[in-house]
Each structure stands twice: as structure tokens, then as C-alpha cells.
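Computed from a predicted structure; not experimentally measured. Quick note on labels: first sequence line is chain A, next is B, and so on, each numbered from 1.
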2 protein chains.
Amino acid sequence: MSKPDPARSAGGASDSRLSRASVQRFSLYLRHLQRFVREGVQTVSSGQLGEALGLTDAQVRKDLAYLGNLGQPGIGYPAPELIAALRHRLGIDRTWPTIVVGVGNLARALLRYRGFEQQGFLFVALFDADPGKIGQKVDGLEVYDPKRMAEVVADLKAELAVVTVPADAAQSVTDALVAAGIRGILNFAPTVVRLPEGVSLVSVDLAVQLEQLAFLVESDRPEGEPE
Amino acid sequence: MSKPDPARSAGGASDSRLSRASVQRFSLYLRHLQRFVREGVQTVSSGQLGEALGLTDAQVRKDLAYLGNLGQPGIGYPAPELIAALRHRLGIDRTWPTIVVGVGNLARALLRYRGFEQQGFLFVALFDADPGKIGQKVDGLEVYDPKRMAEVVADLKAELAVVTVPADAAQSVTDALVAAGIRGILNFAPTVVRLPEGVSLVSVDLAVQLEQLAFLVESDRPEGEPE
DNA sequence: GGATGTGAACGACTTCACAGCG
DNA sequence: CGCTGTGAAGTCGTTCACATCC
């Protein structure tokens, strides 16, 4: 009765068995490889990559093995091929039209960070329930009434959504997004959100991260220390 | 040579063996319990908590057992006691003076989110290298020249820092924070940061999360689908 | 020699299942 | 009974170690 979905929030069966942790590292490999290439490096070893990212060489090889046999024994991996393989595997060898719901400071920060666009994410529309914001333009994008979500999402073929609304609005916004046909949601609202199968969810809970940090610092005190 | 620190980034030995995953869930338990109490609930079972958070009841009990034997068989857990125990274990039964380095939109978003203060984090100073920002006030807090970091951190007894600077400035900012005596860093810069033992680090990489989402959606397509 | 790919060992986390208590 | 706490089993992810190949 209280057993949660065995397949966490969503996500179907791809080909290989790929852990969530490996996928997160894929993004890091990709970014570092792109930097290596900018610096003129053409070939890179598992040791070098691991060194740069704080991972063991074995870990790097295990991860990269999921991409097929790109490595050359005695040499290393060809950086450009690795980059292409990573982008393909991550699904970012194309453009993802993305919308943002909730136009606050966090949304503005995300819109201005050009790193997303660089990796294939393109913000195409904003939504906010505040009448004062509807119709305005933020960073060149129009702010729509959430009532028009289904229509706008379909028109712009948006598949991903970033949710930066307050916690108490998160579930209803999520439901609306699902109804509008969105396939994946990046949620920043500090709450647990439910959604049906077939829609993917990644949550970033900033309060949780800050509390984690407090715990780490607290656990790290050498001896009995003053409170 | 490439073996990363066995004890990840930092973090010493506390009393019990507590997994990082459990600690993250502690934050979620805490928030939900606070909501329960606001709604008048005084006693809560592992099944109820698990239901609310999408976890198994066994998982909840295992986690909560780390707090001591607070549960009463046949009854459940007393919510107020659980809350107090969680806050204590997380190290947030006190105030953490916190600084922010890099005054952009992300910083502003964090400053305005009142959930942090509610849990014991108090922003006490801002830093930014932009001369146009130094001396200004943002959300009632002064923006200081990073050169004054050691002095200001000591004066205000700040222990935690949130870093929201561009990737290429992250390492030097981190080094300066460590030199200034900061004990924990929440890093938003999209890069891997190195720091000495005795300082804790939590990184939130938004690009990684968005790419993770793309991967999930991509892996979740039913059959061969149009690109 | 130098670096990959991978089975096997290891370790960490989760779920199961049940004894025990209110 | 209902619900907790917990050993045991199971699952997942990482590290080791080495055969293999350029």
C-alpha cells in the first residue's frame, strides 16, 4: 500500500543498464571534455578525466564503457568522439524547447545562464499567474497566462518545463503541465510532487542542500566545541 | 595517484553510521512534519510519512531509528519530538551565519526565499567583485569587496558560504573562502571545485540536472519515435 | 609500456520479514 | 491488533585487479 513506484518517478527502459549516478557524471565528463578540446587536447585518458573530476580511473572507464568501445588501449579516448557519444546518450544532440513556470528571481537567473542554450535547451515561453507579469517580456520572452498553457505548449512544441513557483502552487502547476503534454519537469519548489508515469521529474531542493551542508559541517567538528 | 579522497569532499566521523541519503531525507521528513504539526497532527506513523514522501515505511523507520527510539509501537512517532530530534541531528537547532559570494539573480532568489531563515540560516553579508555593486545594499545586506572577506567573515562569525559566481571564478573564490575560515560551501558554479579537508562542500549543478531530465525523457519514449 | 574493458570482490543502501511491545 | 526496530537478504554502485590490445 505504501510501496512507492518501483521505477522511481518515471523513466522507461532504454537499452543498457545505466545508473542515475553514471548519467550525472556523463554531464560532468561532457563539460570537461569540451573544455579539454577548447584547450587543444584531442585524446584523453580515464586517469586524466578522473583526476579533473575527483573520480577513480576505474569509475571513469566503467561509465564510458556504456557508450560503446570508444577507448583505444594504450592511447585513451578521442575527445571529439566521446563528446558526440555523450551528447547523443544524454539526448542533447538536438534542441529541447523548454518553458518556465513562475517568473521570479530564480527564473531570471536560469534564463540568463547561457550554459543551458549551449547544451541544447532553448527557453521558448514563460508563465506566471501574476496579472501584473502577464503580457510582459522577460529576457525577450513573453510571459503567458497559465490558462493558456496547453495551447502555447502545443504551438511551441515544448517538451520540458522548469517550475520555480512557491511550494503551495507546485502540485497544481505540475498537473497543468502534464495535462498540457509536457514530458519532463525540473522542479525547484520545495515540496514533493506527484506525477503520472510517462512524465519524468528531476527535483532540486535548495533547502535540503543547505541543510545537508550544515550537517556535514556539524559532523566535522574535531572535538567537543563551543555551541 | 588518481584515487580521490576516500571520505568524499570532507566530513568527519560523527557517532552513528549515517548515510548521505538518509540525511537528505531528514530534511524532507522535517519539512513534512512541520506541515503536519501546522495541520494539528501530533502523532505520525512511518507509513504516513512514507506515503507523503514516496518512500517505503521500512525506509522511514530505518532512517528515524538513527534518532534514537522515538517511535512507540502500535502508535507511531510524536511529531514535535521528531522535529526537535531532526533539527538537532541536522545541526539546525541554532543559527548559521551565512554569506553569499556573487550577487546575481540566483543570489537574489536565494536571499528572498524565506525558507532558509526559517530553518536557521541567516544571511549576513554579500560579496561581489563588480565595483558597481560594492557598497550597495541588496535585500538589506551590504555588498562587500571580496578583498575584505577574511575581515568581514571573522567579524560576523560566518561559517557557511553560498557561491553563485561564474565557473571561471569559482576556484579562486573557494580558496579565498577557505582562507577566510569558512567551514562549509554551497556551490552553484558549474565546475568541480577543490578544497582542503576540514571544509565541507555541497554542489548544485543546474546544468547537470537539466541534462539528467533530458536523458530521462529521452529514455522514456515508448517506441521508435520521430526526432 | 600504457591504457582500456570487465569479471569478481567489496561496500553502501534498500527492502523484507518478523519478533516484540504498547 | 498496529506499528516500531532490526537482523537478514537483496539490490545497486564502486573499486580492484588483471587479461587484453595498441
Side-chain angles (χ1 to χ4, degrees), chain A residues 1-9 11 13-14 16-26 28-29 33 36 41-79 81-82 85 212, chain B residues 1-9 11 13-14 16-26 28-29 33 36 41-79 81-82 85 212:
Chain A
M1 176 106 313
S2 69
K3 182 175 333 185
D5 209 323
R8 204 77 91 165
S9 35
S14 189
S16 317
R17 248 319 132 251
L18 235 175
S19 77
R20 181 167 284 228
S22 293
V23 175
Q24 302 238 39
R25 285 190 297 270
F26 278 176
L28 300 177
Y29 296 142
L33 284 165
F36 277 145
V41 178
Q42 286 296 315
T43 303
V44 71
S45 72
S46 58
Q48 284 166 25
L49 258 179
E51 174 74 14
L53 290 164
L55 305 169
T56 61
D57 51 346
Q59 175 84 82
V60 174
R61 286 199 299 278
K62 263 268 154 71
D63 284 341
L64 298 187
Y66 281 114
L67 302 171
N69 294 20
L70 293 177
Q72 294 175 269
I75 308 288
Y77 301 82
E81 277 85 336
L82 250 196
Q212 166 99 206
Chain B
M1 175 104 314
S2 70
K3 184 178 325 185
D5 210 324
R8 206 77 89 163
S9 36
S14 189
S16 318
R17 247 318 132 251
L18 236 175
S19 77
R20 179 166 285 228
S22 294
V23 175
Q24 302 241 36
R25 285 190 298 269
F26 278 176
L28 300 177
Y29 296 143
L33 285 165
F36 278 145
V41 178
Q42 286 296 314
T43 303
V44 71
S45 72
S46 58
Q48 284 166 27
L49 259 179
E51 175 74 15
L53 290 165
L55 305 170
T56 61
D57 50 346
Q59 173 86 82
V60 174
R61 286 199 300 279
K62 263 271 155 71
D63 284 340
L64 298 187
Y66 282 114
L67 302 171
N69 293 20
L70 293 177
Q72 294 175 270
I75 309 288
Y77 301 83
E81 278 86 335
L82 250 196
Q212 167 101 205

[X] side chain near [Y] side chain, heavy-atom distance below 4.5 Å:
X	Y	value
B/D57	B/R61	yes
B/L33	B/V41	no
B/L64	B/L70	no
A/Y77	A/L67	no
B/L82	B/Y29	no
A/R25	A/L53	no

*Treat primed atoms plus P, OP1 and OP2 as sugar-phosphate and everything else as base, then score nucleotides 17-22 of chain C 5' to 3': B for base contact with protein heavy atoms under 4.0 Å, S for sugar-phosphate contact only, - for none.*
B--BBS
Protein-nucleotide distance ([X], atom [atom1]; [N], atom [atom2]), rounded to Å:
X	N	atom1	atom2	answer
A/Y77	C/dG2	OH	C1'	13 Å
A/L70	D/dC21	CG	P	18 Å
A/L67	C/dG5	CG	P	10 Å
A/D57	D/dT15	CG	C1'	10 Å
A/K62	C/dC10	NZ	P	15 Å
A/L18	D/dC12	CG	P	14 Å
B/D63	C/dA12	CG	C1'	14 Å
A/L64	C/dG5	CG	P	8 Å

Please tell me if [X] has a side-chain N or O lying less than 4.0 Å from either OP1 or OP2 of [N].
X	N	answer
B/Y66	C/dC13	no
A/S46	C/dA3	no
A/T56	D/dT15	yes

_For A/R25 and B/N69, find the nucleotide of DNA chain D closest to each by heavy atoms; which residue's nucleotide sits nearer the 5' end?_
B/N69
*Proximal nucleotide (of D/dT6, D/dT15, C/dC13) relative to the B/A65 side chain*: D/dT6
*Using a cut-off of 4.0 Å on non-hydrogen atoms, how would the nucleic acid contact of B/S22 be classed: base, sugar-phosphate, or nothing?*
nothing
_Taking side chain to side chain contact (heavy atoms under 4.5 Å, CB included) as the definition, give me every residue that meets it alongside A/Q48, ordered by chain and number, with sequence neighbours left out._
A/V44, A/S45
